[in-house]
Visitor: 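Structure incoming, see below.
One-based numbering, in listed order, for ligands and for the atoms of each. Note that this is a predicted model, so its numbers are computed, not measured. Note: hydrogens, waters and symmetry copies are ignored here, and every other heavy atom, side chains too, is used.
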Amino acid sequence: MIELQGIVQTYLGPTGPVEALRGVNLKVPRGGIFGVIGRSGAGKSSLVRTINLLNRPVAGQVRVDGQELTQLAEPALRAARRDIGMIFQHFNLLDSRTVFGNVALPLELAGVPSAEIGRRVDSLLDLVGLSALRDRHPAHISGGQKQRVGIARALACKPKVLLSDEATSALDPETTRAILGLLRQINRDFGLTIVLITHQMQVIKQVADQVAVIDAGRIVEQGAVIDVFTRPAHETTRSLIDEILPQALPDSVLARIRGFMAAHPADQGCLLRLAFAGDDADRPLLSDVIRRFGLDLNIVHGQIDEIQGRPFGSLAVHVRGAAERIAAAVAHLRGAGVLVREQELGHA
Ligand SMILES: Nc1ncnc2c1ncn2[C@@H]1O[C@H](COP(=O)(O)OP(=O)(O)O)[C@@H](O)[C@H]1O
Ligand SMILES: [Mg+2]
C-alpha cells in the first residue's frame with residue numbers, strides 16, 4: 001500500500017545540516033496497522049510526514065496506493081493527499097470551530113455540498129461517539145474527546161490510509177486504550193491501512209500488526225509484532241521492549257538462587273530463561289518436562305502477557321536433576337519453539 005524507497009531527509013539546523021532520515025526503505029502492506037517506533041529524535045515525524053509529502057524528502061520515492069507521489073504536480077498531489085488522513089499528538093483542532101465545524105472543515109475545503117457535509121459529519125461523530133458534543137468547542141472537551149474529533153476529521157474525506165503521529169502520547173493510559181481500540185475498529189470496519197508512529201512499546205503491543213524500529217534515521221529492525229517482541233535483534237528494540245517487559249531478573253531472585261546453590265553443592269541445578277510466544281504458550285510444556293525428564297522445576301520469576309490475544313512471556317525456572325536429563329529437556333523445549341538460555345548468576 002505504501003512504499004518508501006531510499007528516503008533521505010536533511011534539515012538545516014543551527015549548527016549545520018541534520019540528517020533526519022538516512023535512506024529509509026519501508027513497505028507497508030494494505031489493510032493492517034503498521035507501527036513505527038523509535039526514541040525522541042529518531043526521525044519518526046520526519047518519516048510519517050514524508051508519506052503525504054508534508055515533508056518533501058531530498059532523495060527517494062514515495063509510492064502510495066500505486067501512485068508515485070514524488071512525481072505528482074501540485075493539483076494531483078492535493079487530490080492524492082485526500083486519500084491520506086492524519087492525526088496528531090496535540091490534535092491540531094481549530095479552537096474557533098465547534099466539534100462539528102472541525103470535522104466539516106476538510107469537506108468544505110473539498111467543495112462538498114453542505115447537506116452532504118451535514119450527513120457525513122453526523123455519521124462520523126456517531127462513529128467516534130461524540131454526537132452529544134457536536135456543538136461544543138475544543139476548549140470544553142477532554143483530550144480523548146479532542147483526539148476523537150481528530151480521528152473523525154481525518155476520516156472525513158474517506159481516506160485509504162490514516163497516519164498517526166504520536167496520537168496517544170498526550171493521553172493517559174486508559175484514554176490511550178480507548179483511542180487505540182477505536183483505531184482498531186476503524187481499521188477492521190473500513191479496511192483502512194494505518195501507520196502509527198509512537199515512542200511507546202505499549203502502544204505497539206496493544207494495536208500494531210507489524211512494527212518497524214527506527215533509530216538515528218534508519219530502520220534497524222522490522223517484522224510481525226509477536227516475532228519482534230520474542231526475538232528482538234537490535235539493541236534499541238531490546239531496550240524499548242525492556243521498558244514494558246524487563247528482561248533483567250531482580251537481584252533478589254538471583255541472590256536466592258545463589259544462596260540455594262551454595263547450600264546444595266551436589267545438586268545446584270541451573271537457572272533457565274524461557275521465552276515463548278503464540279500457540280506454544282497454551283501447551284503444558286513445563287509439566288511435560290517435569291514428567292518426561294524427571295526433573296525438579298521451580299518457577300522463580302515470570303511475566304506472561306498478550307499480544308492481540310496471543311500469549312507471550314518469559315519465565316525464569318530453576319531446574320534440578322541429572323545434567324543429561326536437563327540437556328534433553330532443553331532440547332525438547334527448543335523443539336517446541338521455546339527460546340531457552342541459561343541465566344548467568346553473577347556474584348553477590
Ligand atoms: N524542521 C526542522 N529543522 C531542523 N531540524 C529538524 C527539523 N525537524 C526535525 N529536525 C531534527 O531531525 C531529527 C529527527 O526529528 P523528528 O523526525 O522530529 O524525530 P522524532 O519524531 O522521532 O522525534 C531530530 O534531530 C530533529 O531535531
Ligand atoms: Mg515526532
Side-chain angles (χ1 to χ4, degrees), residues 2-28 33-62 64 69-70 77 81 84-93 143 146-147 150-151 153-154 161-173 175-176 179-180 183 194-208 210-223 225 228 232 234-244:
I2 299 168
E3 210 176 322
L4 302 181
Q5 236 169 40
I7 301 294
V8 176
Q9 185 59 282
T10 316
Y11 302 109
L12 223 50
T15 55
V18 180
E19 281 200 297
L21 299 173
R22 305 164 188 246
V24 168
N25 302 310
L26 203 63
K27 275 189 187 168
V28 177
I33 300 186
F34 192 98
V36 179
I37 187 163
R39 299 210 180 274
S40 177
K44 302 183 297 296
S45 294
S46 301
L47 178 63
V48 76
R49 294 165 67 87
T50 303
I51 296 174
N52 55 8
L53 291 195
L54 274 181
N55 244 342
R56 199 171 267 278
V58 300
Q61 280 103 49
V62 180
V64 178
L69 299 193
T70 24
L77 179 59
R81 275 196 186 123
I84 309 174
M86 188 161 181
I87 55 178
F88 307 88
Q89 177 172 6
H90 298 295
F91 323 119
N92 298 9
L93 303 182
K146 285 181 197 172
Q147 196 54 287
I151 291 170
R153 180 184 56 187
V161 172
L162 177 67
L163 307 178
S164 165
D165 190 0
E166 303 271 7
T168 57
S169 295
L171 305 175
D172 61 69
T175 310
T176 293
I179 293 294
L180 294 179
L183 291 179
I194 298 181
V195 179
L196 195 137
I197 302 288
T198 180
H199 67 279
Q200 298 171 304
M201 259 312 179
Q202 194 65 35
V203 167
I204 298 292
K205 196 197 89 184
Q206 274 177 50
V207 79
Q210 295 200 56
V211 63
V213 182
I214 184 169
D215 187 49
R218 288 198 177 87
I219 302 294
V220 295
E221 180 159 7
Q222 62 178 305
V225 171
V228 171
H234 194 272
E235 187 46 43
T236 301
T237 318
R238 282 197 210 105
S239 77
L240 286 163
I241 292 174
D242 212 51
E243 287 169 13
I244 61 166

Visitor: Between Val213 and His234, is a side-chain contact (heavy atoms from CB on, under 4.5 Å) present by the stated rule, with each step listed?
Guide: CA-CA 9 Å; Val213 182; His234 194 272; 5.7 Å; no
Visitor: Taking only heavy atoms of the protein into account, state which residues are under 4.0 angstrom from an atom of ligand 1, in chain and number order.
Guide: Tyr11, Val18, Ala20, Arg39, Ser40, Gly41, Ala42, Gly43, Lys44, Ser45, Ser46
Visitor: List-wise, which protein N, O or S atoms are found short of 2.8 Å from the Mg ion (ligand 2)?
Guide: Ser45 OG
Visitor: Start with the C-alpha distance between Val220 and Glu235, add both sets of side-chain angles, then the distance that settles side-chain contact (heavy atoms from CB on, under 4.5 Å), and finish with yes or no.
Guide: CA-CA 9 Å; Val220 295; Glu235 187 46 43; over 6 Å; no
Visitor: Report the distance from atom CD1 of Ile2 to atom CZ of Phe34, rounding to the nearest 0.5 Å.
Guide: 9.0 Å
Visitor: Any chance the side chains of Asp165 and Ser45 put a donor and an acceptor closer than 3.5 Å?
Guide: yes
Visitor: State whether a side-chain donor-acceptor pair under 3.5 Å links Glu221 with Thr237.
Guide: yes
Visitor: Is the shortest side-chain N to carboxylate O distance from Arg39 to Glu243 below 4.0 Å?
Guide: yes
Visitor: Between Arg49 and Met86, what is the shortest heavy-atom contact and its length?
Guide: CG-CE, 4.1 Å
Visitor: How close do Met201 and Ile37 get, counting heavy atoms only, and between which atoms?
Guide: N-CD1, 3.4 Å
Visitor: Check step by step if side-chain contact (heavy atoms from CB on, under 4.5 Å) holds for Val36 and Val48.
Guide: CA-CA 9 Å; Val36 179; Val48 76; over 6 Å; no
